[in-house]
Amino acid sequence: MNLLTTPTIWIFLPVLFSLLLILVHRLHKLSVWIVCTISLLLAVVAMIFPQNLDLRLFGRNFLFDDTFLILNRALIITGTELKTVAMLYLFSFLWNIAGMRFSVSRWFPTISLTITALWVSALAVEPFLYAALIVELIVLISVVLLTPRGEQAGSGVMRYLVLQTIALPFILLSGWMVTGIESAPSASTLILRGAVLILIGFSLWLAVFPLHTWLPMLADKTHPWVFSFVFLMQQSGLSIFLLKVLDQFAWLRNLNGVFPAMQWVGVLTVLAGGVLASMQTKVNRILAYLILIETGYSVLAIGLISQGGGEALALSFLPRALAYLQYAYTLSSIQQIAPEIDGGFPSLRGLFTRLPFHSMSLIISLLSLLGLPALGLFPARRMLWNSGAGLTLHYTPLLGLAVAGMALFILRLMDTLLTTDPNAPSPTLTAQGEESIWQILVLCFFTLLSLLVGIFPQVFLNPFLGILEPFIHLLPSS
Amino acid sequence: MILLGILGLLWLPAIALTISQAVKPNFARSWFIAIAGASLAWLGTFFLRLYLPMEVELIRWLPDSLYHTAIAFRIDYINWHYIVAILALCIAVILTDSSRASTNTTPTNWAAALALTGLNLISVMSRGPLTMAIAWAITDLVELSFMLNLLRNSGGTGKVTNVYGVRLISTFVLVAATAIGWQVTAGLDFTQIPPTASLLFLIAAGLRLGVLPLNFPMQNALESNRGIDLLLRFSPVVSALVLIAHLPSEILVLNQSLVSVISILTVLAALYASAMWLTRADANEGRPYWIVALSAFALQSALNGEPEHSRVWGLALLLTGGVLFLFDPPIRRIRFIPLLGLIGLLGIPYTLAASGWSALLGEGVSLAGIVMIICHAMLVGGYLRYILEADSAVTGLEKYARITYPLGLILIIQTMLVLNLVGWPDVLTIGVWWGSLVSIGLVLAGAFLTKKFNFQLTGDGFKTKFPFYRLGHQVLNVLRVVFSLDWIYAITRWIFARLSDIAGFFRQVLEGEAGVLWSLFFLLMMAILIYTQVGQP
Amino acid sequence: MSETLRIVSAALLLLAAAINLVRRQWALNILALGLQYVCVFLVILEVRSPLLAAIKLIVGLMVTLMLYMTLVSSGLIESLLVRRRLSSGEVFRGTIALLLVLISILLSPVLQQSAFPQSSQLLLTASVGLIMFGLFQMGTITEPLYLVIGLLTFLSGFELLYASLEFSRVLEALFTAVNLSLALIGCFFIVKDVESRSA
């Protein structure tokens, strides 16, 4: 068995470390530092690893194999796929290093590393539709994190488990159904059935509208830090997996109506997210709608693949992660400083007077996700809006309505944060110096980073275009 | 290089002031740093005049095939005078700030003024809508932070949301307009705005100015007599005015009826705002109306197919308005200085505003044109009233303030005169001479009647003596109710509440016990939809 | 294996699933779940060698045992011999169970003809029945044990169907991992539920 393979480094090694970390999971700080080091190391190595996998180290050449054979099947991580791997480990690093001060589950470092390794393996397994079972495993592991400490499992987490499990047969059956039908006419019944199964499977996995109902239920009960990590990984992993499916299945991408269907699903999901968000009064739940909106944009980007949607998707991974990070960090920090804040609007009233930097950070992270010019997500968003407007003018008002909905929520939240309750004691008296200089610096750093990404996308985002390199059939020019 | 130098001259002193305040506060040194930076930047702009039009590309987003975007500046005859005006205002604010005993003059405010002016310059100099959108967004965020910091201790932060909300919407309308414009020219700049998108650009500018739809988001939020507040008030206005000036003159080829509707709304906004301006208790209270009225003038110029001439009214808004609003304390002895500010508004032949009349009145004599002349007369009348009513006899000014205060006002007048000579080619023109004549005639008639019947616009005597006072008052009240848009907000809130109820009901159903079954039902529907739609030729 | 035994297994399989849907008695449900896995083993012998089929049996019995042990440790499990009258809900669910069995019997020939020609009707009846029972169970109850039983039933049905379509060792291993993880999650839910009840 050849162990000098890329899957050994980026799948088995972290899984092994995860297993070892179980032994020290009670030593939370140690676990976090170990996971941070491993994640960062794996991300950096993946980023700088030679594409031909021929590594020259200490004067010696190490030629890595991209394939690891297991039970007659393979795990393959090619040189071009390492950018994706780097991104996933970078996310794991960010969530572990920044989340050290929050009282999330002691298992978070261990499980987050496992989840990352499993997402890498889901993208590496061949036949690639077997990834469905790996995704199911990820869901099962995530459930442990998503169940709040000291409380019984809520209906949100159960519904999550149920609907993600229902997706499994759709994906696996589609793989079996379409085996060897590349040569069939594009409108054959088998191809149609295969397409329906795959699209339904992905709809369930991605929780597009109207299959998203569990998302807000889950967000309401789960720690925002955990929620944002689990669903950032899921969203990013599944988006790339969907690209892979479209790249591998010529019959699917050549089928009439597949891309328009995705565009409509994307637009309607964005719209539903925006409109529903506008009516929310809990900042925890809004995280779910943010995920929903971002999912919509991802699906729309894939639907607009021939109009530059792929690039828009690739450019959105990092700024989206940073915006989630900032939002979840700020929210978690607020709840850590003031545990009496339950996320509802009444409890947030006048918070600006008490925690001005946190309040501003919350608003700025939401504005970034809205696609405000100068902030991180704008370059990618603008590409999508332009492509959408170029294709059909039907999308423009719907996307406009979604943006308006989200903007309305932000303004309502802002109003709540800024308006002091006249009956409450003066916050300036009750809460002086609640924000430490360290917290302020971190929040300012997030904002500055978002601005830098938004103004210099060519520096911060272009490396992520490499994520598209493996999809040579879907995006021949990349 | 000069351009970057100008920005450096604003931002570096701002940083230096902040650091110096934190380390070793010294009022005189700070004042000198601020005034030196701003003055050098202002003088630098006159060098730029020699190289017009000029372009500077700051950041290009590469690869070009992907982004089609560069953050770039262009300075030409459409925006150069605005740059001069903003810098003049910045200097004037710093010069006059120390004379106001009522406000808390701090070097931090000067640092903010410099930084804000620098940001403002970026949006004014933008080569394309995307640079402008980015500049708007950053300026809005900086202003938001600054305003919140200012208002934090007073607890009056509520109105800030409305202000920021309107700005946010206008930024996104600008982005939408850009998206539509890109369908014609990818990476378009201001010289390539297609007529199909120009209306959205106009609405983006109109929103920021508070004209389309008429809104006074800043009313009561920030109407103090601090100099920095004036800059905060003018900063969104000036970049929107530049946007209007950039619009293509073929705007009228669009849907005629839509343009007519917008034109009517603009004229009504101008009428309402100028009437309100005329009847306020003091200039500070009337400031939002001044801004809206002259912004409506600029919009009307664009709607009449002469957007580049909107600059005249924009400059009047900034410079003439600047003189008046910075005339605080309103010392009786020197009220001739702000009176000179009228040069920028009257539009008499061969003055700065002369070329604005043709754009404002359009071709021939029209009802809109007549209304606009009346509005103009009311603006001039109000302006005169606020100066002539000035009766402060402040004697307690510091020694240096006795020089700096009038100097600040004179600097703005000087700027007007300089722009009157070199603002743009053909700036010296007769214009539609009778426009200013009629307007001045109306003002004089008004003044005569006021004198004869001893009217006091804000006093009780006016109510009894003015023959149509009750009717006029009622009309103004109705207009105020209509234009306050409170009724729209009330209806919107009602609809929003009902929609929230409906959404709440559905949420309960979908998140209730049968949620999974509902999901399965939706799944089935989706499958049917996909099955029937996908694969069809 | 004789056809009769397979038919009996399939019938017992559906009966076990129906018991889990209808009755709310933990001990009985665990027993029915175990029986369900034994029947799955017998039915799957049609398409798998006994050695490979035994994997599913062993995994199924382990899953059942894990759940049983958790319930026992919670101290809330009642004796199997406790007799309770049928509630109106149980009668309703019983009717639904009958309907589901009927649907799976009627649907299997159609499915065989249109989509899965290589699978036998009996296997299709069993798998479709299990999938529908599982879905119904998941859709109508949120109590952790029944939800996990619903999920396991659903997965068993699908595994049965997929076994007739394709064989892969990796897939078998992954299914095993998923089943065991699901059982662990089930135990986790039950423990959390019990803890919060006692708190």
Side-chain angles (χ1 to χ4, degrees), chain A residues 69-75 107 114 118 121-122 125-127 129-173 175-177 179 189-190 193-194 197 217, chain C residues 114-116 118-119 127-128 131 134-135 137-144 146-148 150-155 157-199:
Chain A
L69 287 173
I70 178 169
L71 299 171
N72 289 335
R73 294 291 190 265
L75 288 166
W107 292 99
T114 315
L118 284 176
S121 59
V125 71
E126 286 294 338
L129 287 180
Y130 284 10
L133 279 156
I134 301 176
V135 174
E136 178 66 15
L137 276 176
I138 295 170
V139 170
L140 288 165
I141 295 170
S142 306
V143 162
V144 178
L145 284 182
L146 292 168
T147 310
R149 290 167 80 175
E151 286 176 41
Q152 70 182 106
S155 48
V157 76
M158 293 193 186
R159 203 168 289 180
Y160 164 62
L161 184 57
V162 167
L163 288 174
Q164 297 289 300
T165 307
I166 293 176
L168 167 70
F170 287 101
I171 301 291
L172 275 183
L173 277 180
W176 163 80
M177 197 169 274
T179 311
T189 319
L190 267 185
R193 277 185 201 157
L197 287 174
M217 295 164 76
Chain C
S114 60
F116 309 108
Q118 64 273 60
S119 311
S127 64
V128 170
I131 287 172
L135 280 176
Q137 179 98 316
M138 292 187 284
T140 51
I141 197 155
T142 51
E143 200 182 320
Y146 294 107
L147 188 94
V148 172
L151 279 166
L152 289 168
T153 308
F154 174 77
L155 270 182
F158 176 66
E159 280 180 65
L160 202 54
L161 173 66
Y162 207 74
S164 67
L165 307 175
E166 191 183 345
F167 171 69
S168 151
R169 284 176 211 277
V170 171
L171 215 55
E172 289 298 319
L174 285 170
F175 267 125
T176 303
V178 166
N179 274 306
L180 291 174
S181 308
L182 196 53
L184 275 173
I185 291 298
C187 298
F188 175 69
F189 282 169
I190 292 166
V191 169
K192 284 239 163 202
D193 195 35
V194 171
E195 273 176 3
S196 67
R197 272 193 216 182
S198 57

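When reading the values below, keep in mind they use all heavy atoms of this one structure, side chains included, and skip hydrogens, waters and symmetry mates. Below, chains carry the letters A, B, ... as their sequence lines are ordered, and counting in each starts from 1.
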Please classify the contact between A:R193 and chain C as side chain, backbone, both or neither, with a heavy-atom cut-off of under 4.5 Å. side chain

With a 4.5 angstrom heavy-atom cut-off, which part of C:L135 approaches chain A: side chain, backbone, both or neither? side chain

Determine whether C:M138 and A:I166 make a side-chain contact, defined as any pair of heavy atoms from C-beta on separated by less than 4.5 Å. yes

Taking the side chain as everything from C-beta on, heavy atoms only, tell me whether A:V162 gets closer than 4.5 Å to C:F154. no

Looking at side-chain heavy atoms only, is the closest gap between C:F188 and A:L140 below 4.5 Å? no

Nearest 0.5 Å, please: how far is CZ in C:F189 from CG in A:L161? 5.5 Å

Quick one: what part of A:V157 sits under 4.5 Å from any heavy atom of chain C, side chain, backbone, both or neither? side chain

Heavy-atom distances under 4.5 Å only: say whether C:L182 touches chain A with side chain, backbone, both or neither. both

Any side-chain heavy atom of A:L172 within less than 4.5 Å of one from C:F175? yes

Taking side chain as everything from C-beta outward and backbone as N, CA, C, O, which of these in C:L155 sits under 4.5 Å from a heavy atom of chain A? Side chain, backbone, both or neither. side chain

A:I141 versus chain C, the contacting section by heavy-atom distance below 4.5 Å: neither

I'd like to check C:L161 versus A:W176 (side-chain heavy atoms, cut-off strictly below 4.5 Å). Are they in contact? no

Which one, C:I131, C:V148, C:I185, leads in non-hydrogen pairs under 4.5 Å with chain A? C:I185

Who among C:L184, C:L165, C:L151 has the most heavy-atom pairs with chain A under 4.5 Å? C:L165

Going by heavy atoms in the side chains, are C:V170 and A:L133 under 4.5 Å from each other? no

At a 4.5 Å cut-off on heavy atoms, which part of C:L147 comes close to chain A: side chain, backbone, both, or neither? side chain

Side chain, backbone, both or neither: which part of C:L171 has a heavy atom under 4.5 Å from chain A? both

What distance do C:L174 atom CG and A:R73 atom CZ have between them, rounded to the nearest 0.5 Å? 11.0 Å

Rounding to 0.5 Å, atoms OG1 (A:T165) and CZ (C:F158) come to a distance of 12.0 Å

Please find the pair of heavy atoms, one from A:M158 and one from C:T142, that lie closest to each other, and give the distance. SD-O, 3.1 Å

